[in-house]
Each structure stands twice: as C-alpha cells, then as structure tokens.
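Below, chains carry the letters A, B, ... as their sequence lines are ordered, and counting in each starts from 1. All values below were derived from every heavy atom in this structure, side-chain atoms included, with hydrogens, water molecules and symmetry-related copies excluded.
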Number of protein chains: 2
Amino acid sequence: MKNTVQKTAVMNALMSLDHPTADEVYDCVHNEFPSISKATVYRILNRIAEEGEILHLRIPGGADRFDTTLCTHHHLQCNRCGKVCDVSVPELEGIEKRIKDENGFSIAGYRLVFSGLCSDCIFKK
Amino acid sequence: MKNTVQKTAVMNALMSLDHPTADEVYDCVHNEFPSISKATVYRILNRIAEEGEILHLRIPGGADRFDTTLCTHHHLQCNRCGKVCDVSVPELEGIEKRIKDENGFSIAGYRLVFSGLCSDCIFKK
DNA sequence: ATACTAACTGAAATTAATTCTCATTTAGGA
DNA sequence: TCCTAAATGAGAATTAATTTCAGTTAGTAT
C-alpha cells in the first residue's frame with residue numbers, strides 16, 4: 001500500500017478517536033486536511049482493516065465503526081448516547097469447536113454486541 | 001393492530017420462509033398479492049416485531065432478517081450462501097449480571113452472530 | 001345497517017451509509 | 001527523471017429502510 005498523506009491523516013485520526021464511525025474519522029481528518037474526499041476515508045479504512053491493522057465493526061442497526069484494539073474482544077453499545085466500549089467475554093472461548101461438532105458449521109469468527117445503558121446514561125433523567 | 005389482508009399475507013409468508021429479509025418477504029407476498037407496497041411490508045414487519053410476535057435480526061453487514069423463533073437464541077451465518085441458522089449458546093446465560101458488575105453497563109439484550117461456512121458449503125469447491 | 005375515525009395503505013420521495021465510476025494525480029521503483 | 005500501478009476527488013449510484021401524504025379501510029359506536 002502506498003504511503004499517502006491521506007493515509008497518514010486517517011491513521012492519526014484513528015489514534016485520537018474511540019471506536020469512530022467512518023463519518024467521525026472523516027470529520028476529524030477533514031479539519032486538518034480539508035480537501036480529502038469521503039470516498040478516500042472509506043477506502044483507506046477498508047484497506048487497512050483488510051490488512052488487519054484495525055478491526056471493522058459492523059454494528060447492528062447503525063453505522064460501521066473501526067477499532068484499533070486487535071485482540072479478541074466484544075462490544076457494549078449504549079442505546080442512549082451511542083457510545084461503544086470494549087468488553088472481553090471469556091465465556092465464549094473455544095466455542096467454535098462445540099458449534100462445529102454440533103452444527104457442522106465451520107466458524108471463521110463471531111461478533112457479540114451487548115446493548116443497554118452505559119453507567120453515565122443510567123443516571124441521566 | 002388492525003387485521004388487514006396485507007398483514008395476513010405477510011404472516012403467511014413468514015411461516016413459509018426461513019429467516020427472510022424484508023425483501024424476501026416482499027417477493028413472496030407480492031406473488032399472491034401483486035398490489036402490496038414494499039413500504040407496507042416493512043411497516044408490518046416492524047409492527048409485529050415491536051409487539052414481540054417475531055424477532056427483528058440486525059445482521060452485521062447485510063439486510064435485516066426476521067425470525068419466528070422467539071426463545072433466546074443466536075445465529076450462524078454462512079459467508080458463502082448467506083443462509084442463517086439458529087444456535088443456542090448456554091455459555092452466555094446470566095452474563096448480564098457479570099457485565100453490570102464489572103462495567104456498570106445495564107444490558108437490555110445482546111446479539112451474537114457467528115460467521116463461517118455452513119456444512120453444505122464446506123464441501124462445495 | 002350506517003357512520004365515524006383512527007389506523008392502515010400505496011406510491012413516491014427521502015435519508016443514511018457505503019460503494020462505484022472515471023478522469024486526474026502521485027508515490028516510489030527502474 | 002521517467003514510468004506505471006495505485007491512489008485520489010467529486011459526484012453519481014446503490015442498497016436498505018423510513019417518511020410523507022393523500023386516499024382507503026377495519027372495526028367500534030351509534
């Protein structure tokens with residue numbers, strides 16, 4: 001992959017944001033690099049996700065988000081403020097084998113998204 | 001909710017399909033009821049999902065699907081043919097409490113989608 | 001049976017997220 | 001410096017789903 005100023009700007013934005021959507025990355029990059037195109041942000045995010053440098057999270061019922069934490073983990077999403085947090089779920093370790101044995105389904109990966117209210121929002125209103 | 005011919009047709013379609021998307025429901029209903037509008041299919045599906053008669057599944061990276069199985073369960077999705085199957089995951093029972101204690105996050109629900117290859121597709125090509 | 005009204009419907013426009021097209025530019029190797 | 005594959009910008013296109021609005025209907029009240 002070529003090393004372009006656009007890619008560097010997107011990488012910097014990813015570092016400074018927490019589980020951003022593509023649009024949030026675009027807004028952030030667009031500040032210091034007004035000429036960047038939204039299509040370029042999407043392309044760069046997809047490209048580096050394919051290469052395994054970041055995770056591409058497909059959030060049920062919302063825009064995709066991108067995650068710089070690479071080890072296996074899952075997500076909590078707040079229904080009120082939309083914030084996404086990481087959570088580890090050791091209960092699921094090794095489940096691929098059980099599913100393979102019981103359902104004949106070869107698991108490449110899985111996504112677990114919890115939805116509810118974050119600690120901040122529980123106390124609001 | 002009113003009992004319309006459109007609703008009856010959508011319910012019948014749901015019975016005859018397995019984890020259909022809204023579009024698949026539309027195609028099926030449209031055969032015997034050519035004048036039905038796609039908006040009506042979406043509206044009826046959302047309405048009966050809100051009332052708890054079916055589940056509205058938000059599939060990461062794909063169209064939403066609808067499920068007539070109501071007890072808690074999760075899904076396997078085949079990356080090749082797109083088929084979705086049910087799977088139960090008792091490993092996660094009671095996990096809401098652990099997450100609440102450790103993260104202060106009050107869980108309303110969670111979705112777990114496994115992706116990989118179904119037994120049919122493993123042997124194709 | 002009739003009238004009434006809130007709920008429902010069809011068609012088309014709209015929104016949101018993402019991808020695609022294509023002409024132009026650029027990074028980095030020869 | 002030249003060359004070319006790769007990357008970019010701008011905007012059109014796509015996809016899934018929702019909204020709008022004028023007209024229709026189910027089912028309750030009379």
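- A:C85 is not listed as a side-chain neighbour of A:C118, based on a closest heavy-atom distance of 4.5 Å or more.
- Considering only residues two or more places apart in sequence or on other chains, A:T8 meets the side chain to side chain contact (heavy atoms under 4.5 Å, CB included) condition with A:N12.
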Return a table of donor-acceptor pairs under 3.5 angstrom between the side chains of residues 42-60 of chain A and protein atoms on other chains or two or more places apart.
unit_1 : atom_1 : unit_2 : atom_2 : d
A:N46  : ND2    : A:Y42  : O      : 3.4
A:H56  : NE2    : A:D64  : OD2    : 2.6
A:R58  : NH1    : A:D64  : OD2    : 3.2

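- For A:T21, the side chain to side chain contact (heavy atoms under 4.5 Å, CB included) criterion is met by A:D23, A:E24, A:A63, A:R65, not counting sequence neighbours.
- The two residues A:L14 and A:P20 come nearest to each other via the heavy atoms CD2-CG, 4.0 Å.
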Quiz: residues 86-97 of chain B side-chain donor-acceptor pairs under 3.5 angstrom, not counting sequence neighbours:
unit_1 : atom_1 : unit_2 : atom_2 : d
B:D86  : OD1    : B:H19  : NE2    : 2.7
B:D86  : OD1    : B:H73  : NE2    : 3.2
B:D86  : OD1    : B:H75  : NE2    : 3.2
B:D86  : OD2    : B:T69  : OG1    : 3.4
B:E91  : OE1    : A:R98  : NH1    : 2.5
B:E91  : OE2    : A:R98  : NH1    : 2.7
B:K97  : NZ     : B:D101 : OD2    : 2.8

Annotated protein contacts, base or backbone, on nucleotides 24-30 of chain C with a non-hydrogen cut-off under 4.0 Å, one of B, S, - each: --BBS--

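- At whole-Å resolution of the value, CD1 in B:I44 and C1' in C:dA7 are 12 Å apart.
- For the pair A:H30 NE2 and D:dT8 P, the computed distance is 16 Å after rounding to whole Å.
- What separates OH of B:Y26 from C1' of C:dA11 is a distance of 11 Å, to the nearest Å.
- With a 4.5 Å cut-off between side-chain heavy atoms of Ile, Leu, Val, Met, Phe, Trp and Tyr, the cluster of B:V113 takes in none.
- OP1 or OP2 of C:dG10 lies within a sub-4.0 Å distance of a side-chain N or O belonging to B:T40.
- Taking 4.0 angstrom as the limit, B:Q6 places none of its side-chain polar atoms (N or O) nearer than this to OP1 or OP2 of D:dT25.
- With sequence neighbours left out, B:K83 forms a salt bridge (charged side-chain N to carboxylate O under 4.0 Å, His left out) with B:D120.
- We find that CD1 of B:I36 is positioned 14 Å from P of D:dT25, with the value rounded to whole Å.
- In this structure, A:F105 has no ring-ring contact (aromatic ring centres under 6.0 Å, His included) partners at least two apart in sequence or on a different chain.
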B/S/- contact track for nucleotides 14-20 of chain D, protein heavy atom under 4.0 Å: --SBBBB

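- The CD-C1' distance, from A:E50 to D:dA7, rounds to 15 Å in whole Å.
- For B:F33 and C:dC8, the CZ to C1' distance is 12 Å, given to the nearest whole Å.
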